[in-house]
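Shown next, in structure tokens, is the structure this report addresses.
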Protein chains: 2
Amino acid sequence: MSSVSSRPGRPRSTSAAPKAMRAALDLALEGGLPHATVERISAVSGVAKSTLYRRWPNAPAIVMDAFFEEVGPMIAYDMQLPIHDNFCQSVGALVEALKGPRGQLLRELLGTAQAEPDLREAFVERWIAPRRRMGQEAIESAIARGELRPEVDPGLALDLIYGAVYYHLTVSFTDIDQRYIAALVDRVLGPYLTART
Amino acid sequence: MSSVSSRPGRPRSTSAAPKAMRAALDLALEGGLPHATVERISAVSGVAKSTLYRRWPNAPAIVMDAFFEEVGPMIAYDMQLPIHDNFCQSVGALVEALKGPRGQLLRELLGTAQAEPDLREAFVERWIAPRRRMGQEAIESAIARGELRPEVDPGLALDLIYGAVYYHLTVSFTDIDQRYIAALVDRVLGPYLTART
DNA sequence: ATAATACGAAACGATTCGTATCGAGCCTTA
DNA sequence: TAAGGCTCGATACGAATCGTTTCGTATTAT
């Protein structure tokens, strides 16, 4: 019954982390990442600065934690769909989720991660890798059920699709619509479809 | 002979800008972008802070100026080459130029630009757009001389190639070698080559 | 000469950072 | 039940950087 906390001492508050993350995300979405300082997060959430520093190395790390937890579940893959539709749908959801302040925040987080190895690693492991795994799985199962020819290089295909999406989002700073996504997915996967409708 | 400075008053020093840019780039390459503060740039270059703020809005803008001026000329397109070789060569030069501290700095600059519209615009106009123009030109001339079939969508092709490159550089944080570049270019342009050797 | 502009040097208040200290609370172990 | 260990929120701290401003001097056009 009792919690098996093994370590002596007062256990960590279960409410501190959620409160801090909520405040951090709100501040960052509202006034940009630089606006989410440790001091402000502490003031808004009621969690002491010392507690925040005890759990996160810096403010962006708190924001990143909160961001992944909120936005991550918004991008789903539906393995039942034909491969083309599956990608259009999931990539579309990604683009949609990143419109407005959330996209701006992702860009700022990615930017901050460039200089800090810990954030970089967290970014790859918690944001990029999961979606790549799902994409890889989608391609492989499409091959397995004969929808795609086995000559596809899944890694390269994902590079091309996600590369173009993030390129527009973070480098050339231009918008993406559903038509572009369809053309992109078709250009990358089309040549390998066994039967085109 | 005399300079036609039209406006009255003391003309701007011609040596201040080069000295400041040199110092800014050195500082940023050595200790990362955050290390290139306005104060330090002023101290190292001997140019007063007030002068720096008179010409640039902030420190990263100075570094970006210097970066483009130094690295820009390093990436050349050779329109005499077959289209495939042309891209392999120019993209290879890009990747090569961005190995080591320079790539880290580009990442940091791109990251900083995410939050500041002025830097964003400068980044697109002075870094992305010029290379896209050359790439577009290369593809169009390859079409004109019958090397590529006219069905290629040059914009999408450039999205795919540069997208994948910057994706590796800034998002998935993985390395790129010449073999990957060749495979990438081939995957994007190969299907449209009129005669494959 | 006069006005206008740029220069370098220095000081300014504001902000953020990360750390340290404090008394009090809570849990495990002996 | 007592002791010790870890966490909590609150608060204070020195250091660093920011962007602005002021100052006296230098250089040019009118």
Return the value, rounded to whole Å, for the distance between atom CG of B/N58 and atom P of D/dT20.
10 Å

Which whole-number value in Å describes the distance from B/K19 NZ to C/dC7 P?
11 Å

Separation of atom CD1 in A/I41 from atom P in C/dG18, rounded to whole Å
11 Å

How close or far is atom C1' of C/dT16 from atom NZ of A/K49, stated in whole angstroms?
8 Å

Check whether any side-chain heavy atom of A/M79 lies under 4.5 Å from a side-chain heavy atom of A/N86, and answer yes or no.
yes

Calculate the interatomic distance between B/R54 atom CZ and C/dA4 atom P; express it in whole Å.
17 Å

Toward the 5' end of DNA chain C, which comes first, A/A36 or B/A48, by nearest nucleotide?
B/A48

Using whole Å, report how far CH2 of B/W56 lies from C1' of D/dT20.
19 Å

Sub-4.5 Å side-chain heavy-atom contact between A/R132 and A/D159
yes

Between D/dT17, D/dT27, D/dG5, which nucleotide gets closest to the side-chain atoms of B/P11?
D/dT27

Output the rounded distance in Å from CD (B/E39) to P (D/dA15).
16 Å

Any side-chain heavy atom of A/L33 within less than 4.5 Å of one from A/F67?
no

What is the distance, rounded to the nearest whole Å, between atom CD of A/E116 and atom P of C/dG18?
9 Å

Among the nucleotides C/dG18, D/dT7, C/dA9, whichever has the atom closest to the side chain of A/R12 is D/dT7

We want to know whether A/Y53 and A/N58 form a side-chain donor-acceptor pair, criterion being a heavy-atom distance below 3.5 angstrom.
no

side-chain N/O B/T51 vs C/dG8 OP1/OP2, d < 4.0 Å:
yes

The nucleotide from C/dT5, D/dG19, D/dT27 with an atom nearest the side chain of B/R7 is C/dT5

Is there a side-chain polar atom (N or O) of B/R55 under 4.0 Å from OP1 or OP2 of C/dC7?
yes

Of B/G46 and B/R10, whose closest DNA chain C nucleotide lies nearer the 5' terminus?
B/R10

Look at the side chain of A/S50 and decide which nucleotide, out of D/dC18, D/dC8, D/dA10, has an atom nearest to it.
D/dA10

Looking only at side-chain N and O atoms, does B/T51 offer a donor or acceptor that is under 3.5 Å from a partner on B/R55?
no

